[in-house]
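Within every chain, numbering begins at 1; the chains are lettered A, B, ... in the order of the sequence lines, protein sequences first and strands thereafter.
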Protein chains: 2
Amino acid sequence: MPQPVAAEKTALSVGEIARRCDIPVSTVHFYETEGLIRSWRTAANHRRYSRHVLRRIAVIKVAQRTGIALRDIKQALAVLPEDSAPTAAQWQAMSRQWQTLLQQKIADLNVLQQQLDSCIGCGCLSLTDCPLRNPGDCRAKETVEVVGY
Amino acid sequence: MPQPVAAEKTALSVGEIARRCDIPVSTVHFYETEGLIRSWRTAANHRRYSRHVLRRIAVIKVAQRTGIALRDIKQALAVLPEDSAPTAAQWQAMSRQWQTLLQQKIADLNVLQQQLDSCIGCGCLSLTDCPLRNPGDCRAKETVEVVGY
DNA sequence: GCTTGACCTCAAGTTAAGTTGAGGTCTTAT
DNA sequence: ATAAGACCTCAACTTAACTTGAGGTCAAGC
């Protein structure tokens with residue numbers, strides 16, 4: 001990872017990255033071994049990070065909040081440049097993936113909330129009304145204990 | 001876990017629970033060792049579950065979809081009776097916890113989505129506009145590389 | 001010249017939520 | 001009467017995402 005002279009000026013140590021992203025140093029190391037971020041080394045074998053790594057870690061944290069696995073985050077991050085700010089197109093390419101996923105999650109949660117509401121209304125888990133019943137529970141239809149668990 | 005004679009009639013084996021909840025038998029065992037569900041034994045040492053266990057597992061699955069840990073699910077389930085349908089009050093006591101949590105999650109996701117939107121608009125991560133910046137990144141203010149990572 | 005702080009590597013440990021496997025029992029159908 | 005299928009226990013393995021620890025380097029300040 002050869003760095004232009006300019007980058008050396010603003011480069012960050014692992015400790016600086018950790019402090020500014022509010023994560024442990026060990027986590028920065030971890031993300032690096034996992035290939036989510038990259039660094040180059042000083043003469044003393046110390047890691048140096050481009051300031052753009054701050055953005056990558058910000059993205060990682062945001063994505064993790066939504067429950068996206070590191071494996072998938074890594075894939076999405078692949079479209080962002082390592083050593084410069086992303087272009088509008090690059091950013092869009094990445095965030096479009098999140099958008100769809102977020103929309104799905106929001107829709108999913110809304111359905112669940114709706115479902116809990118109706119359950120509160122009836123106080124039981126009626127099989128016709130309550131979405132908490134097992135969606136694939138076909139056997140129930142054949143048996144006597146069909147109404148109420 | 002002594003069972004009334006009536007319960008014996010409608011009791012379910014571990015295999016039946018697994019099939020109807022669409023989870024592996026090993027997971028049913030696991031939930032039991034974790035104390036989320038309970039069973040009694042037949043003369044042949046086979047597990048027997050009350051049909052109300054179906055509801056408990058349904059609740060577990062719903063809660064897990066929203067990212068709630070088993071530890072917390074167990075706690076919430078504690079207000080539901082093991083061997084009968086919950087009363088309206090019991091069900092409310094439990095689902096109220098989920099409601100709040102769900103609302104928080106939905107609000108959180110909406111904020112994130114909003115934030116990604118504005119990032120798409122600008123194509124960069126401006127510190128004034130973009131919520132993806134590190135919320136606790138105060139050092140940035142002191143330095144030159146404040147605009148853009 | 002020595003201690004302190006920041007950094008390095010590599011291996012092993014941790015937690016959650018299960019899964020897999022080995023070895024054994026019991027009941028039912030052929 | 002024996003083979004298949006459902007069940008049992010217990011220990012060990014798995015994956016994700018880190019964390020912890022041991023042992024070592026290097027530059028700066030007193």
Side-chain angles (χ1 to χ4, degrees), chain A residues 1 3 8 11-50 53 56-77 101 105 139 143, chain B residues 1 3 8 10-50 53 56-77 101 105 139:
Chain A
M1 199 182 180
Q3 285 303 303
E8 296 286 351
L12 300 153
S13 71
V14 70
E16 285 165 337
I17 293 281
R19 221 174 309 114
R20 290 185 52 171
C21 296
D22 194 29
I23 58 177
V25 166
S26 64
T27 303
V28 181
H29 285 177
F30 175 69
Y31 288 159
E32 187 170 344
T33 67
E34 293 295 302
L36 288 134
I37 57 177
R38 272 200 291 168
S39 69
W40 68 98
R41 301 299 178 108
T42 65
N45 197 32
H46 288 189
R47 289 169 177 85
R48 281 298 174 272
Y49 296 93
S50 151
V53 161
R56 291 178 81 88
I57 295 180
V59 169
I60 292 170
K61 292 174 77 179
V62 166
Q64 283 197 308
R65 276 204 352 220
T66 76
I68 300 167
L70 277 192
R71 188 183 342 106
D72 301 329
I73 296 172
K74 180 180 176 181
Q75 207 189 330
L77 277 178
L101 215 145
K105 280 199 181 261
R139 307 282 325 271
T143 64
Chain B
M1 197 183 182
Q3 282 305 302
E8 296 285 353
T10 56
L12 300 154
S13 70
V14 68
E16 286 165 336
I17 293 282
R19 222 175 308 113
R20 289 184 52 171
C21 295
D22 195 29
I23 58 178
V25 166
S26 63
T27 302
V28 182
H29 284 176
F30 175 69
Y31 288 159
E32 188 170 344
T33 67
E34 293 295 302
L36 289 136
I37 57 177
R38 272 201 290 168
S39 69
W40 67 97
R41 301 299 177 108
T42 66
N45 196 33
H46 287 190
R47 288 169 178 84
R48 281 298 173 273
Y49 297 94
S50 152
V53 161
R56 290 178 82 88
I57 295 179
V59 169
I60 293 169
K61 291 174 77 179
V62 166
Q64 284 197 308
R65 274 201 358 216
T66 76
I68 300 167
L70 278 193
R71 189 185 342 107
D72 300 331
I73 296 171
K74 180 180 175 180
Q75 206 190 330
L77 277 177
L101 214 145
K105 281 199 181 262
R139 308 282 324 275

- Query: Any chance CD of Gln75(B) has more than 12 other-residue heavy atoms, nucleotides or ligands included, within less than 6.0 Å?
  - Reply: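 Open.
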- Asp22(B) atom CG: more than 12 heavy-atom contacts under 6.0 Å: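 Counting other residues, nucleotides and ligands, CG of Asp22(B) stays at 12 neighbours or fewer.
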What is the distance from [atom1] of [X] to [atom2] of [N], rounded to the nearest Å?
X        : N       : atom1 : atom2 : result
Glu32(B) : dC10(D) : CD    : C1'   : 15 Å
Phe30(B) : dC8(D)  : CZ    : C1'   : 19 Å
Arg48(B) : dC8(D)  : CZ    : C1'   : 12 Å
Glu34(A) : dT19(D) : CD    : P     : 13 Å
Asn45(A) : dT9(C)  : CG    : C1'   : 9 Å
Asp72(B) : dA17(C) : CG    : C1'   : 14 Å
Glu16(A) : dC7(C)  : CD    : C1'   : 12 Å
Ile37(A) : dC18(D) : CD1   : P     : 12 Å

Under 4.0 angstrom between [X] side-chain N/O and [N] OP1 or OP2:
X        : N       : value
Ser13(A) : dA6(C)  : no
Thr27(A) : dT19(D) : yes
Arg19(A) : dA6(C)  : no
Tyr31(B) : dG18(C) : yes
Arg47(B) : dT9(D)  : yes
Arg41(A) : dT9(C)  : yes

- Under 4.5 Å between any side-chain heavy atoms of Leu12(B) and Val53(B), yes or no?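 They are not in contact (no side-chain heavy atoms under 4.5 Å apart), so the answer is no.
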- Is there side-chain contact between Tyr31(A) and Leu70(A), with heavy atoms separated by less than 4.5 Å?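 Tyr31(A) vs Leu70(A): side chains touch.
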With respect to the side chain of [X], which nucleotide from [options] is positioned closest?
X        : options                  : value
Leu70(B) : dT9(C), dC7(D), dA17(C)  : dA17(C)
Ala44(A) : dC7(C), dT9(D), dC26(D)  : dC26(D)
Ser26(A) : dT19(D), dG18(C), dC8(C) : dT19(D)
Pro24(B) : dT19(C), dG18(C), dT9(D) : dT19(C)
His46(A) : dC18(D), dC8(C), dT19(C) : dC8(C)
Val14(A) : dA17(C), dC8(C), dA17(D) : dC8(C)

- Message: Among Arg38(B), Arg48(B), Arg47(B), exactly one meets salt bridge (charged side-chain N to carboxylate O under 4.0 Å, His left out) together with Glu32(B). Which residue is that?
- Response: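 So the option named by the test is Arg47(B).
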- Could you check whether Gln64(B) gets within reach of a base, just the sugar-phosphate, or nothing at all, counting any heavy atom under 4.0 Å?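 Contact class for Gln64(B): sugar-phosphate only.
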- Could you please spell out the steps behind the side chain to side chain contact (heavy atoms under 4.5 Å, CB included) verdict for Ile73(A) and Gln64(A)? CA-CA 8 Å; Ile73(A) 296 172; Gln64(A) 283 197 308; 3.6 Å; yes
